[in-house]
Structures are given as C-alpha cells and as structure tokens.
Amino acid sequence: QVHLVESGGGLVQAGDSLRLSCAASGRTLNNFAMGWFRQAPGKEREFVAAISWNGGSTYYADSVKGRFTISRDNAENTAALQMNSLKPEDTAVYFCAAMERGTYYRGADSYEYWGQGTQVTVSS
C-alpha cells in the first residue's frame, strides 16, 4: 500500500508560481510512475503531468506545457509539480497519483494510488 500526501497548494494571483509536493509512505516509489491530475468544480478530473519511474520521461497536458514542470526524488520518496505563470483556469484541486502496473500515463484509471488533493486557487 502506498500513502500519498500532497502539500503546497494555496491562493495566488495570476502570473505567480506554486510548487506542489507529494510525499509517499508505505512503499518506495522506485517502481512507480507518478502523475498529477486536477479537478475543477463541475468538471472531470484531468491529466496534468506524469513522470516515469526513473525520471527519464515526462508528459504534460497541452494546457500546462511550458509552464509546469514535474520532477521526482526517489531517494526522498517524493514527487513535485512546479507551476509557473499560473492562470485563473488552473484553479482546481490537484491530486498526486502513483502507477505501478499501468502503462497509460495520461489516464487516471491507470493509477492505483491517490492522495487526498490540495487546493490551488488563482485569482485574476
């Protein structure tokens, strides 16, 4: 079992930056791909970014490409999402997720473990 806890969310203005962190416990993340998803009120959960188990490959939604950067530190059992140039449309609850057996990084159904989420609110 993997327990994931996100932190770093908050209320910021458009153009600001935030860094979300995801801390894992229970098992080492060495064998897991990691992903970030978000869900805005009234909308479905959507893919934001993902990173392979060794950090060698990263994937981004078109809406965040060039602004967000996903990273991981397997020694610390953590993952992070650096979010720059934030926009009001980035407002959502952000979830960290871990995928052990799946292969489709962009699909929420591929991920076996989820955090509780952290709220990000971007004011205009």
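Everything numeric in this text was worked out from a predicted model, so none of it was measured.
- Closest approach of E112 to G102, counting heavy atoms only: OE2-N, 4.0 Å.
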ask   = Checking side chain to side chain contact (heavy atoms under 4.5 Å, CB included) for the pair S17/Q82: CA distance, chi angles, key distance, verdict?
value = CA-CA 8 Å; S17 298; Q82 177 66 42; 3.9 Å; yes
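- With respect to the salt-bridge test (charged N to carboxylate O, under 4.0 angstrom), the residues K65 and D62 qualify.
- Listed here is the closest heavy atom pair of A92 and A40: CB-N, 3.8 Å.
- Neither side chain, T78 nor D73, offers a donor N or O lying under 3.5 Å from an acceptor on the other.
- Smallest separation of non-hydrogen atoms from A33 and Y111: O-CE2, 4.3 Å.
- In this structure, R45 is positioned above the aromatic face of W114, its NZ or CZ under 6.0 Å from the six-membered ring centre and within 45° of the axis.
- At least one donor-acceptor pair under 3.5 Å links the side chain of S52 to the backbone N or O of S57.
- F47 has its ring centre no less than 6.0 Å from the ring centre of Y60.
- Counting only heavy atoms from C-beta outward, the side chains of R67 and D90 approach each other to under 4.5 Å.
- The shortest side-chain heavy-atom distance between L29 and V2 falls under the 4.5 Å cut-off.
- Across M34 and C96, no two heavy atoms sit closer than the pair CE-SG, 3.5 Å.
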query = For R106 and Y59, what are the C-alpha separation, side-chain angles and deciding distance, and is it a side chain to side chain contact (heavy atoms under 4.5 Å, CB included)?
reply = CA-CA 8 Å; R106 299 175 184 270; Y59 310 85; 4.1 Å; yes
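- By the 4.5 Å heavy-atom criterion applied to side chains, T69 and L81 are not counted as neighbours.
- Aromatic ring pairs are classed by plane angle as parallel below 30°, tilted from 30° to 60° and perpendicular above 60°; the pair F68 and Y94 is tilted.
- Looking at heavy atoms from C-beta onward, Y105 lies in side-chain contact with M99 at the 4.5 angstrom threshold.
- T91 and E89 share no donor-acceptor pair across their side chains, judged by distance under 3.5 Å alone.
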